[in-house]
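To keep things clear, I will list the structure first and then write my remarks on it.
Index from 1, following the sequence. Computed from heavy atoms alone, side chains included, the values below leave out hydrogens, waters and symmetry copies.
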Amino acid sequence: MNARSDSTQWRDRLSWAELEDQSEILPESFYARPAEEVARALLGKILVHGRLAGRIVEVEAYLGADDPAAHASRGVTPRTRVIFGPPGRAYVFFIYGMYDCFNLIAEPEGAPGCVLIRAAEPLCGISEMRLRRPNARCVEELASGPGRLTMAFGITRRDTGRPVTGGDLTVRSLSGGASFEIETTPRIGIRRSAERPLRFLIAGNRFVSRRS
């Protein structure tokens, strides 16, 4: 039987007890750095929402006023105020009239910057993710793209402004994680400043949204 259609693919790859025992929530200071630096550092970290967890495998950095693709380039508005606030908060926006996209606020307070979480490798709660993403043909498709990721993890615009340093929406560092190479590419799915090399992914990972 093809492994991609085998029901065993939908089993959790890490137990909740193992995750809690082997990981620590990232502090606010982790995010209080340049967005590009935070983006790279987020690769391999674990995104957790409730009892759902996945390894972050693809991200994009968005900068401040000099980045036309960044929402913050338009200045402080009711929508972008959170980007100028304390780091380590969630920023979720609606796109194409159908998808929510999950970002993490970077840079020290007052200096705008954020990181779009584009894809994750599911680890815990895979059966629940499958219920949220019934059209996924294999586990690799559950969270391979920013819209798929928010659906799989149940993250919505209501989460905007929430700290990810406590509660049920967090990012954790897993001890003993495997080493990997970081691949850098231009950002994708945008028109403005698309050529900037600010997309980062775990090289060779099969859970990314689009391979180079």
Side-chain angles (χ1 to χ4, degrees), residues 9-31 35 38-39 41-62 82-83 85-96 98-106 114-136 138-175 177 200-202 205 207-209:
Q9 72 167 307
W10 303 108
R11 295 177 182 171
D12 286 359
R13 286 150 170 74
L14 187 70
S15 72
W16 184 255
E18 289 174 323
L19 178 63
E20 286 193 312
D21 183 59
Q22 299 175 21
S23 68
E24 295 182 350
I25 297 174
L26 298 176
E28 183 177 300
S29 58
F30 173 90
Y31 304 94
V38 174
L42 280 168
L43 291 175
K45 301 300 189 291
I46 311 300
L47 172 63
V48 177
H49 190 206
R51 289 297 184 101
L52 309 177
R55 182 186 188 212
I56 297 171
V57 298
E58 181 186 352
V59 297
E60 284 179 345
Y62 287 85
V82 64
I83 305 175
R89 267 62 173 176
Y91 169 50
V92 186
F93 65 86
F94 195 51
I95 192 171
Y96 303 140
M98 57 194 307
Y99 298 121
D100 285 325
C101 294
F102 173 60
N103 299 256
L104 292 167
I105 304 304
C114 63
V115 178
L116 172 65
I117 309 303
R118 286 196 55 90
E121 175 184 347
L123 297 175
C124 299
I126 291 175
S127 59
E128 184 176 340
M129 292 185 194
R130 189 183 185 190
L131 292 175
R132 295 175 180 273
R133 291 266 299 117
N135 293 329
C138 55
V139 71
E140 288 87 351
E141 292 185 356
L142 282 175
S144 60
R148 290 176 173 182
L149 182 145
T150 53
M151 284 189 284
F153 279 82
I155 296 172
T156 71
R157 280 163 283 167
R158 292 190 297 271
D159 293 308
T160 290
R162 292 183 58 187
V164 295
T165 52
D168 67 351
L169 178 60
T170 59
V171 180
R172 292 173 171 261
S173 178
L174 186 66
S175 61
F200 309 103
L201 57 144
I202 294 179
N205 188 277
F207 293 87
V208 301
S209 65

(request) Using a 4.5 Å cut-off on heavy atoms from C-beta on, say whether the side chain of F200 contacts that of V115. (result) no
(message) Can you pull out every salt bridge (Lys or Arg N to Asp or Glu O under 4.0 Å) where at least one residue sits in residues 42-56? Sequence neighbours excluded, please.
(response) R55-E121
(message) Any non-hydrogen side-chain atom of I202 less than 4.5 Å from a side-chain atom of V208?
(response) no
(message) Could you measure the distance from the CD1 atom of I117 to the CD1 atom of I56? Nearest 0.5 Å is fine.
(response) 4.5 Å
(message) For a quick test of reading the model, state the closest non-hydrogen atom pair linking R118 to S209 and the distance between them.
(response) NH2-OG, 3.0 Å
(message) Measuring only between side-chain heavy atoms, which start at C-beta, is T170 closer than 4.5 Å to I46?
(response) no
(message) Return the SG to NE2 distance between C124 and H49, rounded to the nearest 0.5 Å.
(response) 14.5 Å
(message) I'd like to know if the side chain of R133 and the backbone of L142 have a donor-acceptor N/O pair within less than 3.5 Å.
(response) yes
Could you pull out every donor-acceptor pair under 3.5 Å between side chains of residues 21-29 and any protein atom, sequence neighbours left out?
unit_1, atom_1, unit_2, atom_2, d
S23, OG, L19, O, 2.5
S23, OG, R172, NH1, 3.1
E28, OE1, R89, NH1, 2.9

(request) Please tell me if the side chains of V171 and Y31 come closer than 4.5 Å, counting only heavy atoms from C-beta onward. (result) yes
(request) May I have the step-by-step check of side-chain contact (heavy atoms from CB on, under 4.5 Å) for L104 and V164, ending in yes or no? (result) CA-CA 8 Å; L104 292 167; V164 295; 3.7 Å; yes
(request) Measure the spacing between OG1 of T165 and CZ of F30 and express it to the nearest 0.5 Å. (result) 12.5 Å
(message) Run the side-chain contact (heavy atoms from CB on, under 4.5 Å) test on F102 and L47 for me, step by step, so that the C-alpha distance in whole Å, both residues' side-chain angles and the decisive distance to 0.1 Å come before the verdict.
(response) CA-CA 11 Å; F102 173 60; L47 172 63; 3.7 Å; yes
(request) Taking the side chain as every heavy atom from C-beta outward, state whether F207 and E58 have any pair of such atoms under 4.5 Å apart. (result) no
(request) For A53 and V48, work out which heavy atoms get closest and say how close. (result) CB-CG2, 4.0 Å
(request) Report the C-alpha separation of R132 and F153 in whole Å, then their side-chain angles, then the decisive distance to 0.1 Å, and conclude whether the side-chain contact (heavy atoms from CB on, under 4.5 Å) test is met. (result) CA-CA 8 Å; R132 295 175 180 273; F153 279 82; over 6 Å; no
(request) Give a yes or no on whether the backbone of V92 and the side-chain of D100 come within a donor-acceptor separation of less than 3.5 Å. (result) no
(message) Quick check for you: to the nearest 0.5 Å, what is the distance between M129 atom CE and L123 atom CG?
(response) 7.5 Å
(request) Begin with the C-alpha distance, continue with both residues' side-chain angles, and end with the deciding distance and a verdict on side-chain contact (heavy atoms from CB on, under 4.5 Å) for R162 and I155. (result) CA-CA 11 Å; R162 292 183 58 187; I155 296 172; over 6 Å; no
(request) Search all heavy atoms of I126 against all heavy atoms of R13 and return the closest pair with its distance. (result) CD1-NH1, 3.3 Å
(message) So S127 and W10, do their side chains get closer than 4.5 Å, heavy atoms only?
(response) no
(message) To the nearest 0.5 Å, what is the distance between CD1 on I105 and OH on Y91?
(response) 8.0 Å
(message) I need the minimum non-hydrogen distance between A119 and G145, along with the two atoms involved.
(response) CB-N, 4.0 Å
(request) Please report the shortest heavy-atom distance between D159 and G154, naming the atom on each side. (result) OD2-O, 4.2 Å
(request) Output the distance between atom CG (L116) and atom CG (N103), rounded to the nearest 0.5 Å. (result) 5.0 Å
(request) Give the minimum heavy-atom separation between A120 and G54, together with the two atoms involved. (result) CB-C, 4.3 Å
